[in-house]
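Everything numeric here is computed off the predicted structure, so don't read it as measured data. First the proteins, then the strands, lettered A, B, ... as listed; each starts at 1.
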Amino acid sequence: MQNILSWITANEQMFYIVILMIFVGIEVIGRVPSVLHTPLMSGANAIHGVVVIGAIIVMGKAEANNYLSLILGFLAVVLGTLNVVGGFVVTDRMLEMFKSKKKK
Amino acid sequence: MQNILSWITANEQMFYIVILMIFVGIEVIGRVPSVLHTPLMSGANAIHGVVVIGAIIVMGKAEANNYLSLILGFLAVVLGTLNVVGGFVVTDRMLEMFKSKKKK
Amino acid sequence: MQLSILTLLYLIASVTFIIGLRMLSHPATARKGNLIAAAGMALAIFGTIFLYRDENGNKLHNYLFIFAGLILGSLIGTLAAKKVKMTAMPEMVSLFNGMGGACAALIAMIEFNHLSTLLSQVPDITYPVAFVTNDGRSAIAGRLLIILAGLIIGSVSFAGSVVAWGKLNGKVKDFSFKGQHIFNIVLLLIILSLAALLIFDFTKSSNNIFYLIFGLSIIYGVFFVLPIGGADMPVVISLLNSFTGVAAACGGFLYNNKVMLTGGILVGAAGTLLTILMCKAMNRSLLNVLVGSFGGGSNAASSTQTAGNYKEITLNDAAVVMSYASKVVIVPGYGLAVAQAQHVCHELEKLLEEKGVNVTYAIHPVAGRMPGHMNVLLAEADVNYEKLLEMEQANEDFKNTDVVLILGANDVVNPAAKTDPASPIYGMPILEVEQSKLVIVNKRSMKPGYAGIENMLFFQPKTSMLFGDAKGVLQKLVAEIKTL
Amino acid sequence: MQLSILTLLYLIASVTFIIGLRMLSHPATARKGNLIAAAGMALAIFGTIFLYRDENGNKLHNYLFIFAGLILGSLIGTLAAKKVKMTAMPEMVSLFNGMGGACAALIAMIEFNHLSTLLSQVPDITYPVAFVTNDGRSAIAGRLLIILAGLIIGSVSFAGSVVAWGKLNGKVKDFSFKGQHIFNIVLLLIILSLAALLIFDFTKSSNNIFYLIFGLSIIYGVFFVLPIGGADMPVVISLLNSFTGVAAACGGFLYNNKVMLTGGILVGAAGTLLTILMCKAMNRSLLNVLVGSFGGGSNAASSTQTAGNYKEITLNDAAVVMSYASKVVIVPGYGLAVAQAQHVCHELEKLLEEKGVNVTYAIHPVAGRMPGHMNVLLAEADVNYEKLLEMEQANEDFKNTDVVLILGANDVVNPAAKTDPASPIYGMPILEVEQSKLVIVNKRSMKPGYAGIENMLFFQPKTSMLFGDAKGVLQKLVAEIKTL
Ligand SMILES: NC(=O)c1ccc[n+]([C@@H]2O[C@H](COP(=O)([O-])OP(=O)(O)OC[C@H]3O[C@@H](n4cnc5c(N)ncnc54)[C@H](OP(=O)(O)O)[C@@H]3O)[C@@H](O)[C@H]2O)c1
Ligand SMILES: NC(=O)c1ccc[n+]([C@@H]2O[C@H](COP(=O)([O-])OP(=O)(O)OC[C@H]3O[C@@H](n4cnc5c(N)ncnc54)[C@H](OP(=O)(O)O)[C@@H]3O)[C@@H](O)[C@H]2O)c1
């Protein structure tokens with residue numbers, strides 16, 4: 001208990017950021033028309049690709065002779081980039097169709 | 001410039017909290033019916049009375065012989081409490097009327 | 001340990017503020033939301049009192065004073081809040097808001113004294129002190145910046161709110177002089193320059209500059225609100241509300257206190273948006289409100305000459321027409337509120353219902369001087385909630401209405417909003433009362449309403465005027481109907 | 001200095017994510033929102049590469065590998081995203097999501113190796129190490145906790161997504177055994193216990209436990225998704241999406257990296273809500289989807305015996321009826337999507353329009369296997385946006401419709417949703433096609449649709465069946481109409 005409390009105090013600001021972000025996420029999505037669920041899902045999917053930054057950091061810190069780290073890190077960078085780039089491109093492709101139809 | 005940047009870095013988390021809170025505030029109020037503007041205004045009014053906490057801290061830290069601080073601090077506590085208590089009570093009074101009508 | 005619990009309490013309080021505000025935005029949950037936020041506030045306050053420890057682990061002292069202040073504030077606050085009349089609600093809110101602003105300004109003042117005392121005790125200090133350097137002093141500069149922000153914003157909010165309260169009360173009159181907007185801008189620039197001077201160049205005489213800034217901020221607050229039309233006050237109050245929120249957030253920065261920071265910013269952001277929403281609901285821009293193009297002064301200028309012929313109806317005729325109608329719609333407006341006629345209006349409604357007339361109210365969202373003003377008023381008079389129709393619904397119903405009784409409303413039924421693109425209210429949605437069979441308008445004269453413009457509705461063949469104070473007229477109407 | 005700029009870039013990126021997601025929720029701004037979020041992401045990625053400094057101020061190295069990885073990933077990602085068929089969109093999203101999960105799991109793995117190497121180098125370390133004490137070690141415990149959370153959530157998300165992808169592809173079949181839910185729960189408990197063991201009692205063999213946890217998490221991910229009906233996959237994908245978000249946020253905690261933290265949490269929260277909204281749109285609860293009461297397995301059980309007599313219509317008759325109608329409404333469903341018949345459907349529509357028939361589409365929000373599936377499909381086939389009616393609007397129009405042509409839709413036109421409280425889809429809003437004069441239903445057999453229930457619409461007098469694959473039938477119809 002003591003432990004948890006002091007952990008919370010030490011990371012107070014982190015907790016605020018997390019909790020506020022949860023509110024933002026919920027509020028932002030709150031009233032979406034179901035027509036947009038698919039592009040929204042894939043757009044959100046692309047955003048969590050931000051994890052690639054962790055991969056880059058891991059990779060960039062690995063010593064040149066630590067092959068395990070290098071290989072795993074390289075894989076992580078590739079997969080993370082896939083998630084980001086693929087996610088944004090596929091979302092854009094979907095939304096492009098929506099848009100061009102509307103202008104007509 | 002340098003100064004501002006390092007200030008931002010030093011208070012990074014604070015900035016996140018402030019910016020996220022702004023988003024939360026905007027999103028939360030986003031789609032209010034104008035019927036509720038008055039109680040909403042007075043409810044928000046009560047919330048910023050949280051400033052009374054600052055007054056309490058100032059007051060509680062003042063040395064017993066620092067009369068200026070004591071007097072100003074006391075005034076601050078009274079005014080802040082007025083804001084909080086008055087704000088919540090008045091809001092409740094308004095909303096009570098709304099509610100009881102509805103149940104009928 | 002204590003500090004950890006306090007941190008947790010603050011976190012909880014912040015969350016209750018968000019949830020409370022969120023629930024406040026929906027009619028069904030509003031009241032509960034208010035109570036939740038209040039509970040969170042209580043948690044934060046008592047947590048601070050008992051659990052706060054400063055950097056050296058000391059508890060707070062002066063408990064006597066603190067509790068005395070709390071009790072005094074609560075007593076006055078509760079009394080005032082319970083006693084205030086529903087029509088005086090905006091005044092009350094404005095006053096409470098001013099108290100918050102003053103509190104923030106006082107805190108800034110004490111903290112400044114503290115800082116300057118500390119500085120003067122530094123042994124070999126050489127004035128002027130330039131805080132904005134690359135060494136440790138920039139922290140002091142940041143502190144000063146926040147203190148000054150709290151002082152200026154808090155003072156403006158305080159002075160502005162008090163003036164707004166006075167205006168709504170009728171104690172303070174609109175006042176403006178030529179070039180006042182320029183004067184205001186110059187004043188603001190002076191304040192900001194002085195603040196910069198203080199931060200960049202701290203000398204022994206800085207104390208005086210500080211109090212000068214305080215004084216000028218108060219003056220600025222007064223002149224900021226003075227020229228704005230009394231009827232625009234709700235918008236101004238909402239704006240000042242968000243100011244106080246920001247001032248509270250400054251306190252949060254100062255004490256690294258998250259609940260003050262989050263609470264303040266939340267209200268600051270929400271208040272700003274609310275202000276904008278209110279302006280939109282009145283079909284105006286914020287700038288337009290602040291510069292006051294038709295907020296008040298212009299009212300006097302607009303003439304009382306009428307643009308045609310209108311006809312009057314006698315009390316007796318009005319009583320007869322309504323008693324034998326099958327459907328009557330009452331349109332309440334600002335005049336009903338000032339005349340405090342909501343109770344007798346409810347009486348009239350009951351009387352007519354007893355006679356078998358179907359009576360409802362058509363509520364325009366910005367009727368009166370506060371958003372939702374009419375709902376609050378009629379709710380106070382115990383009018384059944386289901387009888388209050390919102391604008392869209394009411395507009396569909398007017399076709400089947402025999403008599404529309406307009407009580408002290410004007411702009412919200414002005415057809416110019418739909419037909420005349422040159423009108424200042426063009427584009428504002430209105431209650432389309434002219435679709436009904438007969439319109440009876442109660443007001444005291446042919447004077448225009450808030451927007452200061454002529455209302456062609458009054459000159460239409462199906463409209464009849466019933467002059468007099470709303471309360472008096474309604475009382476007579478009730479008496480008349482009883483004798484029928 | 002570099003770090004300060006990076007902090008600022010991260011802050012900007014976090015804001016673009018919020019704004020991007022916000023704009024994604026409105027049709028008019030969605031595309032721009034996506035681009036804004038992408039720009040913020042680019043900023044964050046390149047900022048990290050060039051400006052990141054570790055605690056000792058060292059830059060990153062291994063640039064070659066990093067850029068190789070980025071370029072490779074971008075190439076594959078872009079290619080895959082550009083090549084994928086519109087109907088295969090859910091698979092693609094699921095696969096990308098799995099990649100993100102795998103990335104998070106890999107990071108956790110490397111960081112664990114790092115940590116355990118560091119520990120083994122501490123001179124006089126005595127195993128087992130209990131990290132959860134009141135001294136400095138609790139920081140290590142926190143680190144381990146986050147690493148394990150990232151590993152478990154990332155692995156589950158990865159394995160689950162790959163299985164979901166396989167199911168949508170048709171490569172993996174539904175599979176469940178009795179007591180599988182219990183098995184899953186036990187598995188999860190074992191994983192969590194092992195994780196706790198690792199944190200509270202770190203020994204030399206902990207490395208093995210770590211990989212065991214990894215393996216079990218992968219297995220759990222597979223068994224979590226396997227029993228869920230293939231048609232429920234969009235919901236599952238959305239759920240796994242939010243899992244990956246949380247895994248990314250764990251990375252943010254680990255590196256004290258705010259953009260990862262905020263981005264991950266944002267998606268985690270938004271994804272969870274989106275999952276719930278999707279379930280609501282299908283009139284089901286999340287639990288119901290996960291436990292799979294009618295998601296798939298039950299489909300097989302439901303019989304093909306029909307509950308009455310239906311009549312068929314010949315191609316020629318159908319062609320004639322539609323050509324001479326004045327208003328035709330097309331109801332597309334899942335069958336249209338699997339048959340890839342959207343293009344020929346558009347052809348039919350144009351042909352009829354040329355003949356003076358007024359043709360529109362009635363789009364049910366959950367028609368197909370993804371929310372908004374039909375809109376995307378028909379948009380791809382260049383169908384004019386204005387021809388797509390939403391459910392409410394379509395339901396008002398059916399009264400004046402001569403012919404409704406149902407193409408591979410079933411549940412979304414099942415009247416049981418309105419009339420039969422015992423039906424699993426009772427309460428779901430449907431397209432009320434039976435209000436029109438004539439209904440033509442195209443599907444391949446009398447088999448039920450996704451919900452596995454009989455559709456009484458097919459046995460009504462005004463309904464005629466037109467059996468066959470949607471694409472083939474439409475092609476023949478088009479040819480037939482051309483000869484008329
Ligand atoms: N609700 C809000 O949030 C808000 C806020 C600020 C401004 N506004 C503005 O206020 C206006 C509201 O429209 P409204 O139609 O309610 O009011 P209005 O247009 O201001 O008209 C009120 C009318 O009531 C009459 N009146 C005054 N005292 C009376 C009394 N004792 N007995 C009977 N009649 C009396 C006045 O005419 P006589 O002097 O001839 O009696 C006046 O024409 C709109 O222009 C709106 O934009 C609204
Ligand atoms: N949109 C979403 O987000 C989502 C997500 C998950 C689940 N769902 C659920 O999916 C259902 C959607 O309803 P729906 O009416 O679109 O689909 P449905 O009820 O699943 O019916 C599809 C029908 O299409 C026919 N079909 C299949 N392949 C065909 C082909 N090649 N040519 C012609 N017909 C073909 C099938 O009958 P035959 O086999 O006889 O041909 C089947 O009856 C709802 O129950 C909804 O809750 C929706």
Side-chain angles (χ1 to χ4, degrees), chain B residues 3 7 18 21-22 24-26 28-29 32 34-45 47-62 69 72-95 97-99 101-102 104, chain C residues 17-18 21-22 24-25 30-31 34 37-38 41 48 60-62 65-66 69-70 72-74 76-78 80-81 92-93 96-97 99-100 102-104 106-107 110 238 241 244-245 248 251 255 260 262-267 269-271 273-274 281 365 370-372 375-376 379-380 384-385:
Chain B
N3 252 310
W7 182 63
V18 168
M21 207 67 197
I22 291 177
V24 172
I26 291 179
V28 161
I29 296 300
V32 201
S34 67
V35 180
L36 278 179
H37 279 174
T38 301
L40 192 61
M41 199 159 89
S42 91
N45 181 23
I47 289 177
H48 69 48
V50 71
V51 71
V52 73
I53 288 180
I56 292 174
I57 294 177
V58 153
M59 187 74 201
K61 278 180 169 177
S69 281
L72 291 184
F74 180 72
L75 211 63
V77 173
V78 174
L79 295 183
T81 315
L82 250 170
N83 184 347
V84 171
V85 176
F88 281 122
V89 174
V90 107
T91 311
D92 190 61
R93 239 189 94 196
M94 275 192 259
L95 292 172
M97 298 184 325
F98 270 80
K99 197 130 181 198
K101 288 319 128 214
K102 258 196 174 166
K104 267 185 197 172
Chain C
F17 293 166
I18 299 176
L21 206 55
R22 186 157 205 270
L24 264 170
S25 345
R31 194 174 178 200
N34 185 52
M41 184 69 82
T48 307
L60 292 178
H61 36 266
N62 299 324
F65 282 99
I66 294 179
L70 281 179
L72 193 63
S74 305
I76 307 180
T78 313
M92 198 75 258
V93 173
F96 286 146
N97 183 46
M99 302 298 101
C103 180
L106 286 175
I107 293 175
I110 301 173
S238 176
N241 210 352
T244 311
Y255 299 113
M260 285 173 75
T262 51
I265 295 287
L266 180 66
V267 176
L273 191 67
L274 196 59
M370 259 193 315
N375 302 61
V376 177
E380 191 206 3
N384 192 324
Y385 194 86

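- C:Met260 touches chain B through backbone and side chain together, each having a heavy atom under 4.5 Å away.
- Using modelled atom types, one side-chain atom of C:Asn62 and one backbone atom of B:Ala62 make a donor-acceptor pair closer than 3.5 Å.
- Ranked by heavy-atom pairs under 4.5 Å with chain C, the list B:Ile22, B:Thr38, B:Val89 is led by B:Thr38.
- For the set C:Gly263, C:Gly251, C:Ser74, C:Gly245, the count of heavy-atom pairs under 4.5 angstrom toward chain B peaks at C:Ser74.
- Rounding to the nearest 0.5 Å places CG of B:Leu40 at 5.5 Å from OG of C:Ser25.
- Partners of B:Leu72 according to the side-chain contact (heavy atoms from CB on, under 4.5 Å) rule, which considers only residues two or more places apart in sequence or in another chain, are B:Leu68, C:Leu106, C:Met109, C:Ile110.
- Looking only at distances, no side-chain donor or acceptor of B:Asp92 sits under 3.5 Å from a matching main-chain atom of C:Arg31.
- Inter-residue side-chain proximity for C:Val267 and B:Asn45 is flagged as unmet; no heavy-atom pair is nearer than 4.5 Å.
- C:Thr48 touches chain B through its side chain: at least one heavy atom from C-beta onward sits under 4.5 Å away, while N, CA, C and O do not.
- Between C:Leu24 and B:Leu95 the shortest side-chain heavy-atom distance falls below 4.5 Å.
- When all heavy atoms are compared, the tightest approach of B:Ile57 to C:Leu60 is O-CD2, 3.9 Å.
- Residue C:Phe17 is tested with B:Val24, B:Val28, B:Ile47 for a side-chain contact (heavy atoms from CB on, under 4.5 Å); the sole match is B:Ile47.
- Residues C:Tyr255 and B:Ile53 have side chains not in contact (no heavy-atom distance under 4.5 Å, counting atoms from C-beta outward).
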Show the atom names and distances, to 0.1 Å, of all donor-acceptor pairs under 3.5 Å that link a side chain in residues 74-87 of chain B to residues at least two apart or in another chain.
residue : atom : partner : partner atom : Å
B:Thr81 : OG1  : B:Val77 : O            : 2.5
B:Asn83 : ND2  : B:His48 : ND1          : 3.2

